[in-house]
Peer 1: 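Would you mind keeping the following structure in view while I ask a few things?
Residue numbers begin at 1 in each chain, while the letters A, B, ... track the order of the sequences.
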Amino acid sequence: MPEGHTVHRVARHFRDEFVGHKVTVISPQGRFSQGAQTLDGLTIVDATAVGKQLFVTFEHGWVLRVHLGIYGAWTFISRARHHSMGAPRASREEGMNESEVADFPPEPVGQVRVRIATDDVVADLRGPTACEVITEEDAQAIRDTLGPDPLVHSPAKGLKRFRERMAGTKTPVALALMNQNIVAGIGNVYRAEILFRHRLDPYAPANSLPDDVIDALWKDWTKLLKDGVKTGVMRTRSDLTAAQRTRSLRNPRIRYYVYKRQGKACRVCHMPVAIAEMASRKLYYCPHCQVEPVGRISA
DNA sequence: TCACAATGAACAA
DNA sequence: TGTTCCTTGTGAC
């Protein structure tokens, strides 16, 4: 699933391959037929990401807003390449052989909500939580509501907004980091990993964190996001050698401190990593490294 | 074959 | 807090 880094990569891909091109837009699945009709034949003028939201701007002021949710994914197919961005689609990413790519454009496979195509490239969208045509004004309203994104807002402005919104809630920091209106782009993986990197108790109220911790969180998220956009991979460990770090691009097993590592030895203290349910999402953390020595009274 | 998980969020109550 | 939606791959039978 697609956390913020993925959506920024998708936006960049749209800028590289689609901006300035007149495109055909169809909905093979049929669930976006009306929107497709509105956009079909128009030229794409821009594509940007804010957090997990993708905004593809067409001429005449129409904006295609896409949110991948948990399952959504874009598949890009050109005459030369084929790759996916979004929820894991392992077998697909490796799939295509030359003869299939040579057959261009290919028949849509599965539930393709929308296909956007130039003469050379096809973008297929499957399983999004949101896919709608809105006006530029609507898009701006959404951007204003969202928390700061380090790749959209300046460091000063982003941090200011992050500070304000964290100070405004006593919700557990683990929930606050997932709240897209407090900070945009962090999902369940980055959330768990960032909390560990700062040895923070997931249950600590957001507004109880000292200023220097808030600042460090923002700086760290900025750094992690940039690396994620560059590599396409959520690499969150700072205790690896350069060689291991490179290996972690391909090997998810060594990629994280705590995410999906419940019961395994903490990379730092070797005590078992814990898992908990928070707002019906899984929360991974190390009780020994992250929770106050006195311990938290579990509900 | 089938239940279920998965990097998410809107909505009702 | 609980329910619902979206899609696909996996792993248990």
Peer 1: Can a side-chain donor-acceptor contact be found between S33(A) and S27(A) if the only test is distance below 3.5 angstrom?
Peer 2: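 On atom types as modelled, these side chains do not qualify, holding no pair under 3.5 Å.
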Peer 1: Go through residues 179-190 of chain A and report each residue with a non-hydrogen atom lying under 4.0 Å from DNA chain B, sorted by number.
Peer 2: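 The stretch gives Q180(A), G187(A), N188(A), V189(A) as the residues lying under 4.0 Å from the strand, ordered by number.
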Peer 1: Side chains of D120(A) and H21(A): any donor to acceptor distance under 3.5 Å?
Peer 2: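 Their side chains do not contain a donor-acceptor pair, so the 3.5 Å distance test is not met.
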Peer 1: Could you pull out all donor-acceptor pairs under 3.5 Å where a side-chain atom in residues 184-197 of chain A meets a protein atom, sequence neighbours excluded?
Peer 2:
unit_1: N188(A); atom_1: OD1; unit_2: R191(A); atom_2: NE; d: 3.1
unit_1: N188(A); atom_1: OD1; unit_2: R191(A); atom_2: NH2; d: 2.7
unit_1: N188(A); atom_1: ND2; unit_2: K282(A); atom_2: O; d: 2.9
unit_1: R191(A); atom_1: NH1; unit_2: A174(A); atom_2: O; d: 2.9
unit_1: R191(A); atom_1: NH2; unit_2: K282(A); atom_2: O; d: 3.4
unit_1: E193(A); atom_1: OE1; unit_2: T236(A); atom_2: OG1; d: 2.5
unit_1: E193(A); atom_1: OE1; unit_2: Y257(A); atom_2: N; d: 2.6
unit_1: E193(A); atom_1: OE2; unit_2: Y257(A); atom_2: N; d: 3.3
unit_1: E193(A); atom_1: OE2; unit_2: V258(A); atom_2: N; d: 2.9
unit_1: E193(A); atom_1: OE2; unit_2: Y259(A); atom_2: N; d: 2.9
unit_1: R197(A); atom_1: NE; unit_2: D220(A); atom_2: OD2; d: 2.8
unit_1: R197(A); atom_1: NH1; unit_2: T236(A); atom_2: O; d: 2.5
unit_1: R197(A); atom_1: NH2; unit_2: D220(A); atom_2: OD1; d: 2.8

Peer 1: Rounding to a whole Å, what distance do you find between Y71(A):OH and dC6(C):C1'?
Peer 2: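 Between C1' of dC6(C) and OH of Y71(A): 6 Å.
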Peer 1: Quick check for you: among dT8(C), dA6(B), dG8(B), whose closest atom lies nearest to any side-chain atom of R126(A)?
Peer 2: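 The answer is dT8(C).
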Peer 1: Could you state the atom-to-atom distance from CG of L68(A) to C1' of dA6(B) in whole Å?
Peer 2: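 For the pair L68(A) CG and dA6(B) C1', the rounded distance is 13 Å.
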Peer 1: Rounded to whole Å, how long is the line connecting atom CE of M178(A) with atom P of dA6(B)?
Peer 2: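 My rounded result for the distance is 13 Å.
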Peer 1: Give one of base, sugar-phosphate or nothing for Q29(A), where a contact means two heavy atoms less than 4.0 Å apart.
Peer 2: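 If one applies the 4.0 Å heavy-atom cut-off, Q29(A) turns out to touch the sugar-phosphate alone, with no base involved.
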Peer 1: Using the P atoms only, state how far dC5(C) lies from dA13(B), rounded to an integer number of Å.
Peer 2: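 Result for the P pair: 14 Å, nearest Å.
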Peer 1: To the nearest 0.5 Å, what is the distance between CG (L125(A)) and CE (M85(A))?
Peer 2: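 So the CG of L125(A) and the CE of M85(A) are separated by 13.0 Å.
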Peer 1: Does the plane of the ring in F18(A) sit parallel, tilted or perpendicular to the ring in F76(A)? Use 30° and 60° as the thresholds.
Peer 2: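 Correct class here is tilted.
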Peer 1: For F32(A) and dC5(C), what is the distance between atoms CZ and P respectively, to the nearest whole Å?
Peer 2: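 Between P of dC5(C) and CZ of F32(A): 21 Å.
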Peer 1: Send over the distance from D124(A) CG to dC6(C) C1', rounded to a whole Å.
Peer 2: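 The answer, rounded to whole Å, is 16 Å.
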Peer 1: Output yes when at least one side-chain N/O atom of R31(A) is less than 4.0 Å from OP1 or OP2 of dC5(C), else no.
Peer 2: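 Checking dC5(C) against R31(A), no side-chain N or O comes under 4.0 Å of OP1 or OP2.
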Peer 1: Taking dT8(C) as the reference, what is the distance to dA10(B) when you measure between their P atoms (whole Å, please)?
Peer 2: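 After rounding to an integer number of Å, I get 22 Å for this pair.
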Peer 1: Starting at the 5' end of DNA chain B, write a dot or bracket for each base, bracketing those in Watson-Crick or G-U wobble pairs whose two distances are under 3.5 Å and using | for partners on another strand.
Peer 2: ||||||.|||||.
Peer 1: Nearest to the side chain of R113(A), heavy atoms from C-beta on, is which of dT7(C), dA6(B), dG8(B)?
Peer 2: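 Output: dT7(C).
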Peer 1: One thing to verify: whether E277(A) and R281(A) come together as a salt bridge, which I'm taking to mean a side-chain N less than 4.0 angstrom from a carboxylate O.
Peer 2: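 Looking at E277(A) together with R281(A), the answer is no, because their closest N to O distance does not fall below 4.0 Å.
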Peer 1: Ring centroids only, cut at 6.0 angstrom: are F14(A) and W74(A) within range, meaning strictly under it?
Peer 2: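 Close enough - the centres of the two rings lie under 6.0 Å apart.
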Peer 1: Mind calculating the distance between CG (L175(A)) and P (dT1(C)) to the nearest angstrom?
Peer 2: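 Atom CG in L175(A) sits about 9 Å away from atom P in dT1(C).
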Peer 1: For the pair made of CG in L283(A) and C1' in dG8(B), what is the distance, rounded to whole Å?
Peer 2: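 The distance from CG of L283(A) to C1' of dG8(B) comes to 16 Å, rounded to the nearest Å.
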Peer 1: Should R163(A) and D211(A) count as an ion pair when the cut-off is N to O under 4.0 Å?
Peer 2: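 No salt bridge links R163(A) with D211(A).
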Peer 1: Rounded to whole angstroms, how far apart are OH on Y284(A) and P on dA5(B)?
Peer 2: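 Rounded to the whole Å, the gap is 11 Å.
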Peer 1: Answer yes or no: does a side-chain N or O of H67(A) lie under 4.0 Å from OP1 or OP2 of dA9(B)?
Peer 2: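 Yes, within the criterion.
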Peer 1: Using a strict cut-off of less than 4.0 Å between a Lys/Arg side-chain nitrogen and an Asp/Glu carboxylate oxygen, indicate whether D124(A) and R113(A) qualify as a salt bridge.
Peer 2: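 Not counted as a salt bridge, because no side-chain N and carboxylate O are separated by less than 4.0 Å.
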Peer 1: So, OP1 or OP2 of dA5(B): does either fall under 4.0 Å of a side-chain N or O from K282(A)?
Peer 2: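 No, because none of the side-chain N or O atoms of K282(A) sits under 4.0 Å from OP1 or OP2 of dA5(B).
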Peer 1: Would you indicate what R191(A) reaches in the nucleic acid, counting non-hydrogen atoms under 4.0 angstrom: base, sugar-phosphate, or nothing?
Peer 2: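 Counting heavy atoms under 4.0 Å across all strands, no contact is made by R191(A).
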Peer 1: Answer yes when R143(A) and E136(A) have at least one side-chain N-carboxylate O distance shorter than 4.0 Å, and no when they do not.
Peer 2: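 A salt bridge links R143(A) with E136(A).
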